[in-house]
Peer 1: 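Sharing a structure with you now.
Hydrogens, waters and symmetry mates are skipped; everything else that's a heavy atom, side chains included, is used. Below, chains carry the letters A, B, ... as their sequence lines are ordered, and counting in each starts from 1.
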Amino acid sequence: MTKELITGAEALIRSLEYQGVKTIFGYPGGAIMPTFDALYYHSATIRHILVRHEQAAAHAAEGFARSSGKVGVCLVTSGPGATNTLTGIADAMIDSTPIVVIAGQVASAFMGTDAFQEVDLVGVTQPITKWSYQIRKASDIPWAIARAFYIAQSGRPGPVVLDFTRNAQTERFEYEPMRLDFIRGYDPYPTPDMENIQKAADLINQAEKPFLLVGQGVELGNANEELKALIEKADIPCGCTLLGLSALPTNHRLNKGMLGMHGNLGPNVKTNECDVLIAVGMRFDDRVTGRLDTYAKQAKVIHLDIDQSEVGKNVKVDVPIIGDCKETLPMLTELVHQTTHTAWIESFKPYEKKEYEKVIEKEIHPKEGPLNMGEVVNAVSEAANHDAILVTDVGQNQMMSARYFKYSRNRSIITSGGLGTMGYGLPAAIGCTFARPDRKVCVFMGDGGLQMNIQEFGTIMEQRCPVKIIVLDNNYLGNVRQWQAMFFGGRYSFTPLLNPDFIQIADAYGIPAKQVVDRGDLKDAIEEMLAFDGPFLLHVCVKEEGNVLPMTPPGSSVNEMLLEC
Amino acid sequence: MNRKLYTLIVHSENIAGLLNQITAVFTRRQINIESLNVSASSISGVHKYTITAWTTEDEIEKVNKQIEKKIDVIKSNYFTDSDIYQREIALYKLSTPEFVQNPEASKVIRSHDAHIVEVNPTFLTVEKTGADSEITKLYEELSGMGCVLQFVRSGRIAITTSCFERVNEYLCMREEKYRKQKAKKDECTEER
Ligand SMILES: Cc1ncc(C[n+]2csc(CCOP(=O)(O)OP(=O)(O)O)c2C)c(N)n1
Ligand SMILES: [Mg+2]
């Protein structure tokens with residue numbers, strides 16, 4: 001093949017094509033103009049989605065990546081364009097989401113002079129990326145893009161930032177596409193230690209009360225079937241983290257529900273009763289463990305993770321199994337005995353019953369009063385045959401939708417777990433519609449969070465993204481209000497919201513919308529929303545001072561959940 | 001908690017910005033770096049960092065893993081003083097008139113295995129290599145005589161007492177693993 005003399009900007013776009021990129025979320029500006037100019041000629045192969053704020057580009061890329069397993073790509077300008085993506089980059093870092101953010105940068109000659117729209121992006125993003133690199137000359141481009149994609153999606157995925165100087169965009173060089181699958185200092189798939197796998201199997205074989213924690217790592221490793229094989233053979237009940245909820249179907253007999261502060265009672269209490277605790281692709285976040293010094297102290301802990309640095313970070317681990325769980329789970333399955341733990345599994349039942357009677361029934365089948373968040377979520381999930389992708393924002397709406405939505409397929413919950421980013425939901429849902437046009441995408445938003453990226457109605461309007469937006473409007477920053485009620489003497493310091501008419505706003509953007517206040521109207525409105533071919537906004541007025549329960553109060557142990565407050 | 005002086009030896013690619021990333025790991029966990037030395041290593045293109053910090057075994061292990069996680073860090077290991085041979089270098093600038101008046105001074109320098117490397121009528125320079133405590137001891141004795149004008153010490157450098165440079169082994173292992181994976185992949189595609 002003969003080499004061709006092309007500009008850096010053109011080379012960048014071709015390198016993206018070479019990586020199989022078909023969708024980019026972006027926003028133009030001075031320092032990235034040459035690249036947008038090159039993009040102009042590639043509309044047949046690359047679809048560029050013009051967002052209305054760069055933060056949304058990053059979240060959309062996250063939603064794209066999380067729902068498809070492919071790398072999400074953003075293209076933005078220098079300075080404010082780049083800094084606007086920071087929240088999404090930090091979010092992708094803590095939730096292990098593969099995105100590549102390409103930002104313009106002033107020309108090398110101007111760097112360090114406080115030039116117009118110059119920001120030290122590499123310096124700023126180093127702590128919140130897997131890799132951050134400045135492209136100073138065009139000839140670096142094929143290598144930098146190949147390396148960026150390799151790093152973003154291999155091993156434990158994460159965000160990569162490429163800071164693309166203007167001179168590197170305009171210089172010409174002899175372009176040749178490049179593949180990269182080796183970095184000597186970076187071992188994304190550590191070789192598992194067979195001895196430890198045997199040790200873990202021995203522990204599991206001796207266990208009378210084994211309990212397994214399912215994390216997002218199972219989804220990231222595409223190890224859903226491998227997980228099922230293990231738990232079914234050794235008959236191990238499971239709890240799922242927020243990000244791991246759809247790694248195991250909700251209705252699987254061994255799925256005992258959600259872990260964490262607002263998770264289900266059974267899996268939380270049983271964490272402190274099991275004799276062997278097996279954690280798969282999860283990182284013992286404080287929202288999952290509650291008080292650490294009383295967490296699962298009675299249990300031997302086995303931790304399967306691809307990231308060595310997660311082992312022993314928060315919880316002392318007896319047997320670490322470092323490696324890709326797609327590989328390590330079958331190794332473990334082979335060594336464990338086929339067995340049953342009927343009595344142990346039965347022992348979850350009283351807790352399920354208690355939670356149902358004290359919390360769930362009241363939440364999803366209330367007899368009177370205003371609509372509850374839980375009942376709305378439950379009704380949407382049912383109407384969608386428990387087969388939709390759930391996207392959430394952050395707050396009560398997030399916890400309620402995670403709790404009451406049901407999952408039958410993998411990669412079906414897209415939510416900001418580690419960072420808890422309000423404003424994440426709407427743009428992330430946009431990203432999902434491009435990655436998974438085959439699936440229904442339902443996003444639950446709070447009235448607060450909706451207004452953090454509401455400008456994305458513009459993107460939805462322009463692209464006709466078929467997102468089903470359900471606004472759970474309680475006229476409060478509800479999550480904070482609940483804490484104020486419980487721990488701050490009921491002083492509602494700046495949590496009541498004066499909201500605009502969301503229907504009128506949707507209307508202005510040409511998004512069909514409907515308001516529901518009465519219980520009797522809910523089902524029909526949901527049917528109408530789901531049947532509509534295109535975006536739809538359902539504005540649901542829910543109970544103003546509803547609380548998310550159960551709850552492990554901060555500083556309490558996982559077996560000290562409150563069922564009422 | 002049992003705090004000790006740990007020495008962390010990090011090998012990395014020679015890439016701008018890595019020093020920042022490495023020190024940030026300490027800062028985030030609120031651990032003070034006692035000393036830090038960065039230089040080229042015996043392997044071309046590979047930089048070596050020698051970092052010391054007072055902390056606990058548990059903390060240093062976590063720091064070590066976080067550092068090793070950086071893409072362009074090749075290998076990071078931590079040691080206690082019994083696992084390494086370590087040295088610092090110090091320079092002492094002494095006032096020549098004071099020095100001449102004090103006959104003990106030159107004895108002290110000799111007894112500490114230090115050397116005078118430069119003399120002129122105003123000052124003389126003494127050089128000493130040694131362990132941290134020896135360097136401090138010499139400083140204390142000289143400054144007790146009131147003749148120290150300036151004093152500077154380097155960060156620690158260290159080599160392990162085991163015979164191989166671990167990084168070499170590690171790099172060989174990495175290349176081999178890659179070759180094997182590649183061969184396996186090629187086999188799979190051929191079968192198809
Ligand atoms: C960007 C950002 N700012 C602030 C917070 C803190 N916070 C967490 S939940 C919440 C309230 C969210 O209110 P709303 O969107 O109405 O959702 P609700 O809890 O009422 O369902 C706030 C302010 C956050 N998580 N993210
Ligand atoms: Mg609200």
Peer 1: Of the listed residues (A:F182, A:Y186, A:Y189), which shares the most heavy-atom pairs with chain B below a 4.5 Å separation?
Peer 2: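 Counting heavy-atom pairs under 4.5 Å, the top option is A:F182.
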
Peer 1: Quick check on the interface: out of A:I183, A:V311, A:D181, who has the most heavy-atom pairs with chain B under 4.5 Å?
Peer 2: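 Greatest number of close heavy-atom pairs with chain B: A:D181.
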
Peer 1: Please state whether the side chain, the backbone, both or neither of B:E175 comes within less than 4.5 Å of a heavy atom of chain A.
Peer 2: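 Both parts, backbone and side chain.
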
Peer 1: Considering only heavy atoms, which portion of A:V122 lies under 4.5 Å from any heavy atom of chain B: side chain, backbone, both, or neither?
Peer 2: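 Interface part for A:V122: neither.
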
Peer 1: In terms of heavy-atom proximity below 4.5 Å to chain B, should A:D307 be classed as side chain, backbone, both, or neither?
Peer 2: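 For A:D307, the side chain is the part near chain B, not the backbone.
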
Peer 1: A:T191 versus chain B, heavy atoms under 4.5 Å apart: side chain, backbone, both or neither?
Peer 2: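 Contact with chain B is through both the backbone and side chain of A:T191.
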
Peer 1: So what's closer than 4.5 Å to chain A heavy atoms on B:I71: side chain, backbone, both or neither?
Peer 2: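 Both the backbone and the side chain of B:I71 come within 4.5 Å of chain A.
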
Peer 1: With a 4.0 Å cut-off, would you call B:R156 and B:D81 a salt bridge?
Peer 2: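 Judged by the 4.0 Å cut-off on N to carboxylate O distance, B:R156 and B:D81 do form a salt bridge.
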
Peer 1: May I ask you to check whether B:Y49 and B:H11 place their ring centers less than 6.0 Å from one another?
Peer 2: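 No, too far apart.
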
Peer 1: Determine whether more than 12 heavy atoms belonging to other residues, nucleotides or ligands lie under 6.0 Å from atom CZ of B:R87.
Peer 2: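 Yes - once you tally the heavy atoms of other residues, nucleotides and ligands closer than 6.0 Å, there are more than 12.
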
Peer 1: Assert yes or no for the condition that the ring centre distance of A:Y150 to A:W143 is strictly below 6.0 Å.
Peer 2: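 Aromatic pair excluded; centres sit 6.0 Å or further apart.
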
Peer 1: Take a 6.0 Å sphere around CD of A:E334 and say whether it holds more than 12 heavy atoms from other residues, nucleotides or ligands.
Peer 2: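 Result for CD/A:E334: open.
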
Peer 1: Side chains of A:D163 and A:S132: closer than 4.5 Å at any heavy-atom pair?
Peer 2: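 The answer is no; the side chains never approach within 4.5 Å.
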
Peer 1: Considering only heavy atoms, which portion of B:K177 lies under 4.5 Å from any heavy atom of chain A: side chain, backbone, both, or neither?
Peer 2: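 Contact with chain A is through the side chain of B:K177 alone.
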
Peer 1: Any heavy-atom pair between the side chains of B:V148 and B:L94 that's under 4.5 Å?
Peer 2: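 SC-SC contact between B:L94 and B:V148 confirmed.
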
Peer 1: For A:I151, which atoms come within 4.5 Å of any heavy atom of chain B: side chain, backbone, both, or neither?
Peer 2: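 Just its side chain gets close to chain B.
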
Peer 1: Top residue by heavy-atom pair count (under 4.5 Å) with chain B, among A:P188, A:G155, A:P127, A:S309?
Peer 2: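 Of A:P188, A:G155, A:P127, A:S309, A:S309 has the most heavy-atom pairs under 4.5 Å with chain B.
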
Peer 1: Looking at B:R28, B:E13, B:K182, which has the largest count of heavy-atom pairs under 4.5 Å with chain A?
Peer 2: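 The answer is B:E13.
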
Peer 1: Could you tell me whether the side chain of B:L91 reaches within less than 4.5 Å of the side chain of B:V126, counting heavy atoms only?
Peer 2: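 No. Closest side-chain heavy atoms not under 4.5 Å.
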
